[in-house]
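Just so you know, these numbers use all the heavy atoms, side chains as well, and skip hydrogens, waters and symmetry mates.
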Amino acid sequence: MILSERIAAIVQYSKFSIPKFAEYVGFKTPQTVRELLKGNTRSLSDAVQYKITSAYPEINKLWLLTGEGEMLKDQTCTTSDTNTSANNEIAILKERIRALESILSEKERTIQILLKSREL
(Lines give C-alpha, C1' and ligand atoms only; values in the text may rest on other atoms or scores of the structure.)
Protein backbone atom coordinates (compact mmCIF):
# COMPACT_ATOMS: atom_id res chain seq x y z
CA MET A 1 0.00 0.00 0.00
CA ILE A 2 1.50 3.34 -1.03
CA LEU A 3 1.58 6.38 1.23
CA SER A 4 -1.36 8.15 -0.40
CA GLU A 5 -3.52 5.05 0.15
CA ARG A 6 -2.46 4.87 3.80
CA ILE A 7 -3.35 8.53 4.31
CA ALA A 8 -6.71 7.95 2.60
CA ALA A 9 -7.34 5.01 4.94
CA ILE A 10 -6.62 7.17 7.98
CA VAL A 11 -8.89 9.97 6.74
CA GLN A 12 -11.63 7.40 6.12
CA TYR A 13 -11.01 5.88 9.56
CA SER A 14 -11.36 9.35 11.13
CA LYS A 15 -14.80 9.82 9.52
CA PHE A 16 -13.87 13.50 9.03
CA SER A 17 -13.86 15.55 5.88
CA ILE A 18 -10.39 16.50 4.67
CA PRO A 19 -10.59 20.02 6.21
CA LYS A 20 -11.83 18.65 9.55
CA PHE A 21 -9.18 15.93 9.54
CA ALA A 22 -6.47 18.51 8.82
CA GLU A 23 -7.72 20.69 11.66
CA TYR A 24 -7.98 17.75 14.08
CA VAL A 25 -4.48 16.53 13.28
CA GLY A 26 -3.05 20.03 13.53
CA PHE A 27 -2.15 20.91 9.96
CA LYS A 28 -2.32 24.61 9.14
CA THR A 29 -4.37 23.99 6.01
CA PRO A 30 -6.17 21.04 4.37
CA GLN A 31 -3.73 21.40 1.45
CA THR A 32 -1.20 19.29 3.35
CA VAL A 33 -3.65 16.37 3.38
CA ARG A 34 -4.62 16.92 -0.24
CA GLU A 35 -0.95 16.84 -1.31
CA LEU A 36 -0.43 13.59 0.59
CA LEU A 37 -3.55 12.11 -1.03
CA LYS A 38 -2.36 13.10 -4.53
CA GLY A 39 0.63 10.81 -4.11
CA ASN A 40 3.23 13.49 -4.79
CA THR A 41 4.88 12.74 -1.46
CA ARG A 42 6.85 9.53 -1.08
CA SER A 43 7.59 9.82 2.65
CA LEU A 44 6.34 11.62 5.73
CA SER A 45 8.27 14.27 7.58
CA ASP A 46 8.79 13.66 11.28
CA ALA A 47 6.40 16.52 12.02
CA VAL A 48 3.59 15.06 9.90
CA GLN A 49 4.12 11.60 11.35
CA TYR A 50 4.08 13.03 14.87
CA LYS A 51 0.87 14.98 14.27
CA ILE A 52 -0.96 11.97 12.86
CA THR A 53 0.17 9.53 15.54
CA SER A 54 -0.48 12.06 18.31
CA ALA A 55 -4.02 12.64 17.08
CA TYR A 56 -4.52 8.90 16.49
CA PRO A 57 -2.27 6.97 18.90
CA GLU A 58 -3.94 3.74 17.84
CA ILE A 59 -2.35 4.05 14.37
CA ASN A 60 0.56 1.66 13.93
CA LYS A 61 3.64 3.82 13.21
CA LEU A 62 5.33 1.08 11.20
CA TRP A 63 2.26 0.77 9.00
CA LEU A 64 2.06 4.54 8.60
CA LEU A 65 5.68 4.77 7.48
CA THR A 66 6.05 1.59 5.43
CA GLY A 67 2.64 0.02 4.89
CA GLU A 68 3.78 -3.12 6.73
CA GLY A 69 1.46 -4.72 9.25
CA GLU A 70 -1.98 -3.55 10.25
CA MET A 71 -3.20 0.04 10.35
CA LEU A 72 -4.29 -0.20 13.97
CA LYS A 73 -2.05 -1.28 16.79
CA ASP A 74 -2.84 -4.53 18.53
CA GLN A 75 -5.68 -3.55 20.84
CA THR A 76 -4.84 -6.39 23.25
CA CYS A 77 -1.94 -4.53 24.85
CA THR A 78 -2.21 -4.38 28.60
CA THR A 79 -2.58 -1.33 30.77
CA SER A 80 0.91 -2.06 32.06
CA ASP A 81 2.32 -1.80 28.51
CA THR A 82 0.48 1.47 27.98
CA ASN A 83 1.73 2.85 31.29
CA THR A 84 5.31 1.87 30.51
CA SER A 85 5.10 3.54 27.11
CA ALA A 86 3.58 6.67 28.63
CA ASN A 87 6.25 6.76 31.34
CA ASN A 88 8.98 6.49 28.70
CA GLU A 89 7.47 9.34 26.71
CA ILE A 90 7.17 11.45 29.88
CA ALA A 91 10.84 10.84 30.68
CA ILE A 92 11.85 11.88 27.15
CA LEU A 93 9.70 15.01 27.34
CA LYS A 94 11.13 15.94 30.76
CA GLU A 95 14.64 15.65 29.33
CA ARG A 96 13.68 17.86 26.38
CA ILE A 97 12.22 20.43 28.80
CA ARG A 98 15.46 20.46 30.81
CA ALA A 99 17.47 20.97 27.63
CA LEU A 100 15.21 23.78 26.47
CA GLU A 101 15.33 25.43 29.89
CA SER A 102 19.11 25.34 29.71
CA ILE A 103 19.08 26.97 26.28
CA LEU A 104 16.61 29.59 27.50
CA SER A 105 18.78 30.36 30.52
CA GLU A 106 21.81 30.83 28.29
CA LYS A 107 19.84 33.14 25.99
CA GLU A 108 18.69 35.19 28.98
CA ARG A 109 22.31 35.56 30.16
CA THR A 110 23.31 36.70 26.67
CA ILE A 111 20.52 39.27 26.64
CA GLN A 112 21.61 40.61 30.03
CA ILE A 113 25.23 40.92 28.84
CA LEU A 114 24.11 42.74 25.69
CA LEU A 115 21.89 45.10 27.67
CA LYS A 116 24.73 45.93 30.07
CA SER A 117 27.17 46.52 27.21
CA ARG A 118 24.64 48.81 25.56
CA GLU A 119 24.43 50.93 28.73
CA LEU A 120 28.18 51.59 28.59
| Under the salt bridge (charged side-chain N to carboxylate O under 4.0 Å, His left out) test, which residues partner Arg118, sequence neighbours left out? | none

| said: Can you pull out every side chain to side chain donor-acceptor pair (under 3.5 Å) where at least one residue sits in residues 14-32? Sequence neighbours excluded, please. | reply: Gln31-Glu35

| Is a side-chain donor or acceptor of Asn60 paired with a backbone partner of Met71 at a separation under 3.5 angstrom? | no

| Does Thr41 reach the side chain of Val48, with side-chain heavy atoms less than 4.5 Å apart? | no

| request: Can you measure from CD (Glu108) to CD (Glu101) and round to the nearest 0.5 angstrom? | output: 10.5 Å

| message | Under 4.5 Å side-chain heavy-atom separation, chaining through any Ile, Leu, Val, Met, Phe, Trp or Tyr, what else clusters with Tyr50? Say none if it is isolated. | response | none

| task | Could you tell me which non-hydrogen atom of Phe21 sits nearest to which non-hydrogen atom of Phe16, and how far apart they are? | result | N-CB, 3.6 Å

| said: Looking at Lys61 and Thr53, would you say the former's side chain and the latter's main chain have a donor-acceptor pair under 3.5 Å? | reply: no

| query | Nearest 0.5 Å, what's the CD1-CD1 distance between Ile52 and Ile59? | reply | 8.5 Å

| query | With Glu68, which residues qualify under side-chain contact (heavy atoms from CB on, under 4.5 Å), at least two apart? | reply | Leu62, Thr66

| message | Give me the atom names and distance for the closest heavy-atom approach of Arg34 to Pro19. | response | NH2-CG, 4.0 Å

| note | Between the CG atom in Leu115 and the OG atom in Ser117, the distance rounded to the nearest 0.5 Å is 7.5 Å

| With sequence neighbours excluded, what pairs up with Glu95 under the side chain to side chain donor-acceptor pair (under 3.5 Å) test? | Arg98

| task | Return the set of residues passing side-chain contact (heavy atoms from CB on, under 4.5 Å) with Ala8 (not counting sequence neighbours), or none when no residue passes. | result | Leu37

| task | Grab the two heavy atoms, one from Ala22 and one from Val33, that are nearest each other, plus how far apart they are. | result | CB-CG2, 3.8 Å

| message | Could you check whether any side-chain heavy atom of Trp63 comes within less than 4.5 Å of a side-chain heavy atom of Leu72, counting everything from C-beta outward? | response | no

| said: Among residues at least two apart in sequence or on other chains, which ones pass ring pair (Phe, Tyr, Trp, His ring centres under 6.0 Å) with Tyr13? | reply: none

| task | Sequence neighbours left out, what passes side-chain contact (heavy atoms from CB on, under 4.5 Å) with Thr110? Give chain and number order. | result | Glu106, Leu114

| query | So which heavy atom on Leu65 is nearest to which on Arg6, and how close? | reply | O-NH2, 3.2 Å

| query | Do side-chain atoms of Lys51 reach the backbone of Gly26 as a donor and acceptor pair under 3.5 angstrom? | reply | yes

| Does CG in Asp46 sit with more than 12 non-hydrogen atoms of other residues, nucleotides or ligands closer than 6.0 Å? | no

| said: Looking at every heavy atom in both Ser4 and Leu36, which two are closest together, and how far apart are they? | reply: CB-O, 3.3 Å

| request: Please name all residues satisfying side-chain contact (heavy atoms from CB on, under 4.5 Å) with Ile90, sequence neighbours left out, ordered by chain then number. | output: Asn87, Lys94

